[in-house]
There are 4 protein chains.
Amino acid sequence: MSHNSFGHLFRVTSWGESHGPAIGCVVDGCPPRIALSEADIQPWLDRRRPGQSRFTTQRREPDQVRILSGLFEGRTTGTPISMIIENVDQRSRDYGAIADRYRPGHADLTYEMKYGIRDPRGGGRASARETAVRVAAGAIARLVLGAAVVVRGALVQIGPHAIDRARWDWEQVSQNPFFCPDAGMVPGWEDHLDEVRKRGSSTGAIIELHTSGVPAGIGAPLYGKLDAEIAAALMGINAVKAVEIGDGFAAAAASGEQNADAMRMQAGHIVFDTNHAGGIIGGISTGQPIVARFAVKPTSSIATPVASVTRAGENAAVATTGRHDPCVGIRAVPVGEAMLACVLADHLLRHRAQNPD
Amino acid sequence: MSHNSFGHLFRVTSWGESHGPAIGCVVDGCPPRIALSEADIQPWLDRRRPGQSRFTTQRREPDQVRILSGLFEGRTTGTPISMIIENVDQRSRDYGAIADRYRPGHADLTYEMKYGIRDPRGGGRASARETAVRVAAGAIARLVLGAAVVVRGALVQIGPHAIDRARWDWEQVSQNPFFCPDAGMVPGWEDHLDEVRKRGSSTGAIIELHTSGVPAGIGAPLYGKLDAEIAAALMGINAVKAVEIGDGFAAAAASGEQNADAMRMQAGHIVFDTNHAGGIIGGISTGQPIVARFAVKPTSSIATPVASVTRAGENAAVATTGRHDPCVGIRAVPVGEAMLACVLADHLLRHRAQNPD
Amino acid sequence: MSHNSFGHLFRVTSWGESHGPAIGCVVDGCPPRIALSEADIQPWLDRRRPGQSRFTTQRREPDQVRILSGLFEGRTTGTPISMIIENVDQRSRDYGAIADRYRPGHADLTYEMKYGIRDPRGGGRASARETAVRVAAGAIARLVLGAAVVVRGALVQIGPHAIDRARWDWEQVSQNPFFCPDAGMVPGWEDHLDEVRKRGSSTGAIIELHTSGVPAGIGAPLYGKLDAEIAAALMGINAVKAVEIGDGFAAAAASGEQNADAMRMQAGHIVFDTNHAGGIIGGISTGQPIVARFAVKPTSSIATPVASVTRAGENAAVATTGRHDPCVGIRAVPVGEAMLACVLADHLLRHRAQNPD
Amino acid sequence: MSHNSFGHLFRVTSWGESHGPAIGCVVDGCPPRIALSEADIQPWLDRRRPGQSRFTTQRREPDQVRILSGLFEGRTTGTPISMIIENVDQRSRDYGAIADRYRPGHADLTYEMKYGIRDPRGGGRASARETAVRVAAGAIARLVLGAAVVVRGALVQIGPHAIDRARWDWEQVSQNPFFCPDAGMVPGWEDHLDEVRKRGSSTGAIIELHTSGVPAGIGAPLYGKLDAEIAAALMGINAVKAVEIGDGFAAAAASGEQNADAMRMQAGHIVFDTNHAGGIIGGISTGQPIVARFAVKPTSSIATPVASVTRAGENAAVATTGRHDPCVGIRAVPVGEAMLACVLADHLLRHRAQNPD
């Protein structure tokens, strides 16, 4: 049991703080002989990198990943892959003012209640900066899954503004700074975020993930269920407060007939008419696309003062200046994809272990 | 890594199928010298037991638990606690008809895609019957947590009918067959369920869990986060499709100020004005009540025929007669409570390990 | 992390005490569609069963195993296999006298120092009785490994009396009550044990295990090394104090040339001239027979009084009457085999997970 | 399950190869608020560092450790501690000749049989160079254990030359390049090693570890037994072939009376007359010194040619020049200490978790 590891056979161990010299992770259990270099990882990190639009934090991090182990002549050797990303643009002075008080919504208080100590520089270990290593691990997970499996995500809601799903176009996701599949929503989100930032406020978001190519049979009946581990993986991303699979909460209001995904034979294969289940039944993949959604709360760091307390036990309003994403949910898209890819790679290996053919 | 174990230090290993001779679990890691007998467990099992009202399955199971190990003179010894519940009222004939076809929404297809074999009797391992052992384990978890920690749940929605939260009264939960905290909603749910059953249909539900007495500091910063593990625990219950903590999905639509839980000093302690966070920030408990909700899909077993396929690869409509809960969400209340109690007990031990004082 | 589980993918969780109603285990991760019934397990249990000669304890236990889950129509389904063995011949009165004092060499003192409580009836959890469930799990492990892999053991030393390895004959192992491969040694061991018992004493033993058919490549480079996990598995058997692989301690006295296992090509395959390595190099199997030895201390329960102390803190000599094996090492042969089979089955699944072809 | 992690609550994840840019490890689960800097770790690394006498490899590695995470203002924060040691003196040209053939006794063949690929530069992952990170982790484990617990080791045999235990003097261990507690043996070992090297040969060794200050009650009854995990930890060190606790293999030849450690009360505490058990009974510490021994085979890299085969499947004698320890057992002393310290720290945390007081 490790609090900073993730996965069982495809296993990621993460380390590092926002303002330490570097962050990184060790990926253990990767199959051998997979072609791998930094060039396979960097593009995914670049999608998550801050400072690429006016809608994300202005911290300038090149997020250059280096692989320190586990490769020989460009291929994985089956031994642990250590990756490191240096922190370049730390500005600890930004955070001096908040070292002696607890920012509401941040882990300042809870870390200190737990450990009696915390690293206040940039949120320390609790910083969303750590999610970069998840993206790096996810890039390797994609190689384990192979080209036939595609994991992709999109932002479907910012604040109260949800996309029009009828206009969903995956091509659009890379065409705007929001990973938005609905081109018609982009101007509305721009206006919303400009207004939010002007107000010194922040806003939440909902991300939706889809897979294609995941074969039927991946997962486990109980406890290690595919949906249970996806839930943990997504809920474990900073600021996430909710996860659903397929119809999710809406399924509660449905009748049995409405919720049933009818099946029939087509060209010798079983096909489904609908996908209310989100590609997972009984903890195991059905072969349909896996569909998961997760909600990110509004960034806790806001310029508007909120009532709080100091470490010395006095009341004190806290306003957070520094550099922050007004909507941390935007950059959660590549992070969510990466976590889903890691869960799938892990379950693929677990499935293979128990099922020889 | 075990697919049928749950927890790290307070660890539950579950086994058994719906129509085998028995189901059971092994609870490992329980602290020593805790007073324990079957009488501490049976009342919790009785709450989950089927056949107690016309709204749950008519399968008659006494669900008598026996403890086979781990006790000496009525106290735990620190060694594994093995519990067994015999299956009494199996009627395999009910299921003969569905052995050769896949019931939509059930794990029939996915188990068979995974393992090339499945036990079709009563759903086999995928049956909700297995959840009895979770409740038994949860009863022990409550003893580990101690009397100061209370974990309780309520049904807050059946089908489209949500309770009026203004009328929430915990006293009511034990006064009706729905674990409903809103007495005014009970007649409406009765009508809804009668109508659902008459139609040969089923309906979904939403359950809400609350704790009191969980101290601040329980959990972990990343990956082993308290909310991530609660999400896995609840999503891992049969038929669950969604989980949220605190404001959950609603947080996505909120602004930073709306979502912030302001703090202030009161009689030397930090108190919060609100609990949007649901008692967990940065993966660690704040000391506020932990609030989690999860959605259960409508029971997949319905009398209304749904298009499906046979094992032989032919189209065939499937209608499930047999004995079923029209709303499996009702009995999910004690199961959800038990899973939450197990997660908390596990994290309490994990916290104690790393933090000597 | 569970203190009472063993293995990662082929995972055994053990429970039960010497004088409780039963002992048992749950085997999780077993591949599906393996033909399995109690008849596959019982013969292995019968080899370990007490009371089969005058050289083992006279406790009469039929050791009938029942499988409670994980099977359908005689084949494994991939779900956990729960096995139970009832305790039939408990005589707690035998142990009343030692409940208030600590038997030297037994875990009485250490359990109580750890947990502040212990089950004194027959040694409670620390009883060698628990090893029956390991043998049951090992029987399933053998089925996972398949018929091509053979795991067998022999007793090579009792007290100071070592066999003559030049007379080693595997056929002899089943022909005497000692699992002795050297027929010429059997009378000497009979005399030794009769004399030991007459003296109210006990004696130690050394067991040697061999495999055939284990392919090259099973294991792991570091930490999860095949030899490291064999060492843990064997050292974890009651009363074991030493483990070695291949030449073991003798390798320390050898020169590099003496210890080298020369290789050459033969009919297109690599063959070794010697097997000093005991079939494992760098934590991974070489394809040669795996050879492991372990030492069992003399049974701590002896009729000769030994100075000890009471729970009340007074000096008191302890003599153990009751029913005991004068040489617990004899029955350790099938237990050692079972543990080795479990480690190999676990590593086979782990290997398959990481290496798709 | 990770093949490159070690421990459960005090958990070390290791990475790196002999000739990559660096090696390192992540220590997760360390309690917070422990004063820690590189200066606490470096002295232990310096003891293991190569090139300090003519009896170890002449590879010149400064083995400077850097801590990259987990600290704030000189104290641990409870988050993962990432440590890195750069490889400075790689000379890959040394190994070019052996890339296409398998060195007997080395993991060349087995890695390739397992993974279909290996890093031949300096043994890759299988190099003893990796043990530096174990020493670094062990230094942190010592801080977790606290100053009252002392873990130390000594070399007690090189080749056939065993020390005279009557001359054991811990003070001597730091006074000679062999960690030898018997000053009278040092000249003999010098001669032996000079002769071995001149011959182009190598030699084995036996290391003995002792603790003081480990309280009674640390460990676990079964499977996670303290001795079982020590056995795995020591057997998992490169080139180790045997492990024993207390009297070890000699216990097999003893009678029950000889092996019994008599107890009596002394000034209100239980004291033992002897320590045949090596400080562990029933998998749990007795409070006596823990005594463990392990055997290291002679270095496989020898200048004397040994028959072997090439990757192309042809016979070929292999002689290893390069830079090697003629007796890799010497530097195994600090490595063994570190592994034992890690096991104890892990079990201390595990004990604390289950036992609140």
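The sequence lines fix the lettering, A, B, ..., with proteins before strands; numbering per chain opens at 1.
- Side chains of Val243(B) and Met235(A) form a contact here, defined as non-hydrogen atoms less than 4.5 Å apart.
- One finds the CG atom of Asn315(A) at 7.0 Å from the CE atom of Met265(B) (value rounded to the nearest 0.5 Å).
- Between chain B and the residues Asn259(A), Val306(A), Val196(A), Thr203(A), the largest count of heavy-atom pairs under 4.5 Å involves Asn259(A).
- Here the straight-line distance linking atom CD1 of Ile270(B) with atom OG of Ser308(A) works out to 7.5 Å at 0.5 Å rounding.
- Closest non-hydrogen pair, Ser255(B) versus Ser201(A), comes out as CB-OG, 3.6 Å.
- Between Lys297(A) and His276(B), the closest side-chain pair of non-hydrogen atoms is not below 4.5 Å.
- Annotation: maximal heavy-atom pairing with chain B below 4.5 Å, among Ala295(A), Ala220(A), Ala252(A), Gly116(A), occurs at Ala252(A).
- Neither the backbone nor the side chain of His192(B) has a heavy atom closer than 4.5 Å to any heavy atom of chain A.
- Only the backbone of Ile237(B) comes within contact range of chain A, judged by heavy atoms closer than 4.5 Å.
- In this structure, chain A has a heavy atom under 4.5 Å from the side chain of Ile302(B), while its backbone stays farther away.
- Note on Gly200(B), Ser285(B), Gly236(B): by heavy-atom pairs under 4.5 Å with chain A, the leading option is Gly236(B).
- Comparing Pro160(A), Ala316(A), Gly124(A), Ala317(A) by how many heavy-atom pairs each has under 4.5 Å with chain B, the most go to Pro160(A).
- For the pair Lys241(A) (side chain) and Asp247(B) (backbone), a donor-acceptor distance under 3.5 Å is absent.
- The residue among Pro221(A), Ala162(A), Ser14(A) with the most heavy atom pairs within less than 4.5 Å of chain B is Pro221(A).
- With respect to chain A, the highest number of heavy-atom pairs below 4.5 Å among Gly105(B), Gly282(B), Ala253(B) belongs to Ala253(B).
- The most heavy-atom pairs under 4.5 Å with chain B, out of Glu314(A), His351(A), Met113(A), come from His351(A).
- Figure legend: Arg134(B) and Tyr223(A) shown as a cation-pi pair, the cationic atom lying under 6.0 angstrom from the six-membered ring centre and within 45 degrees of its axis.
- Residue contact with chain A, scored on non-hydrogen atoms closer than 4.5 Å, involves the backbone and the side chain of Tyr102(B) alike.
- Residues Leu109(A) and Ile281(B) form no side-chain contact, since every pair of their non-hydrogen atoms from C-beta on lies 4.5 Å or further apart.
- Chain A forms more heavy-atom pairs under 4.5 Å with one residue of Ala107(B), Ala262(B), Ala307(B) than with any other, namely Ala307(B).
- In this structure, chain A has a heavy atom under 4.5 Å from the side chain of Gln157(B), while its backbone stays farther away.
- Rounding to the nearest 0.5 Å places CD of Glu244(B) at 15.0 Å from CZ of Phe294(A).
- With rounding to the nearest 0.5 Å, the separation of OG1 in Thr110(A) from CD1 in Ile218(B) is 11.5 Å.
- Here the CD1 atom belonging to Ile284(B) is positioned 5.5 Å from the NZ atom belonging to Lys114(A), to the nearest 0.5 angstrom.
- Chain A forms the most heavy-atom pairs under 4.5 Å with one residue out of Gly278(B), Pro305(B), Gly248(B), and that residue is Gly248(B).
- Using a 4.5 Å cut-off between heavy atoms, Ala126(B) makes no contact with chain A at all.
- Contacts with chain A were tallied for Arg264(B), Arg293(B), Glu112(B), His161(B); Arg264(B) has the most, counting heavy-atom pairs under 4.5 Å.
- Ranked by heavy-atom pairs under 4.5 Å with chain A, the list Ala260(B), Ala216(B), Ala254(B) is led by Ala254(B).
- For a residue to count as touching a neighbouring chain, one of its non-hydrogen atoms must lie under 4.5 Å from one of that chain's; by this rule His269(B) does not touch chain A.
- When heavy atoms are compared at a cutoff of 4.5 Å, Ser300(B) does not approach chain A at all.
- Note that CE of Met263(B) is 11.5 Å distant from CZ of Arg101(A), once rounded to the nearest 0.5 Å.
- When all heavy atoms of Ala231(B) and Ala232(A) are compared, the closest pair comes out as CB-N, 4.5 Å.
- Residues Leu222(A) and Arg125(B) are in side-chain contact: their nearest non-hydrogen atoms beyond the backbone lie under 4.5 Å apart.
- Smallest separation of non-hydrogen atoms from Pro298(B) and Ala251(A): CD-O, 3.1 Å.
- Heavy-atom distances place no part of Gln258(B) under 4.5 Å from chain A, backbone and side chain included.
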